[in-house]
Amino acid sequence: VDLGASLGYGDEEHNLAYYSYNDPAFTDALFSLALPLTVDDFMYITPAGYYAVLIDNGIRDLSDDDVNWFYGVSFGISL
């Protein structure tokens, strides 16, 4: 099991472009959970789930969704 966490920060230019918010701020936190599965000696599949949340109150007030869940699967081959 792989666990991850990250914290996003945006300067004034970034936050204005993405959130219509004109101040620098910590923007979001992302948490992940992944389960790497070995298919055989050279292939693997990794399903993963992610939880993202906006953390700055000013940005959250401007957003319709301040929490998002999303999922994905990656495939890998090692030669």
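The figures that follow rest on heavy atoms only: side chains count, while hydrogens, waters and symmetry mates do not.
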Give a yes or no on whether [X] and [Y] share a hydrophobic cluster (residues Ile, Leu, Val, Met, Phe, Trp, Tyr; joining criterion: side-chain heavy atoms under 4.5 Å apart).
X	Y	value
F31	F70	no
Y71	V67	yes
L30	V53	no

Name each donor-acceptor pair under 3.5 Å that joins a side chain in residues 15-27 to protein atoms two or more places apart or in another chain, with its distance.
| from | atom 1 | to | atom 2 | distance (Å) |
| --- | --- | --- | --- | --- |
| N15 | ND2 | G10 | O | 3.0 |
| N15 | ND2 | D23 | O | 2.8 |
| Y21 | OH | D56 | OD2 | 3.3 |
| T27 | OG1 | G8 | O | 3.3 |

At their closest point, which heavy atom of [X] faces which heavy atom of [Y], and how far apart are they?
X	Y	answer
F75	V73	CZ-CG1, 3.8 Å
T46	P36	OG1-CA, 3.6 Å
L79	I77	CD2-CG2, 3.7 Å

Counting heavy atoms not belonging to Y44, are there more than 12 under 6.0 Å from its OH?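 Counting other residues, nucleotides and ligands, OH of Y44 stays at 12 neighbours or fewer.
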D40 atom CG: more than 12 heavy-atom contacts under 6.0 Å: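 Yes, the 6.0 Å shell around CG holds more than 12 heavy atoms from other groups.
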Check ring pair (Phe, Tyr, Trp, His ring centres under 6.0 Å) between Y51 and all other residues, then give those that pass, not counting sequence neighbours.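 Y51 satisfies ring pair (Phe, Tyr, Trp, His ring centres under 6.0 Å) with W69 once adjacent residues are dropped.
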To the nearest 0.5 Å, how far apart are CD1 in I55 and CG in L7?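 Here the interatomic distance stands at 4.5 Å.
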What's the spacing between S32 OG and L3 CG if we round to 0.5 Å?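 So the gap between those two atoms works out to 7.0 Å.
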Hey, could you give me each pair passing salt bridge (charged side-chain N to carboxylate O under 4.0 Å, His left out) that has a residue in residues 63-79? Not counting sequence neighbours.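 The answer is R60-D66.
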Do L37 and P47 have side chains that get closer than 4.5 Å, going by heavy atoms?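 Yes - at least one pair of side-chain heavy atoms lies under 4.5 Å apart.
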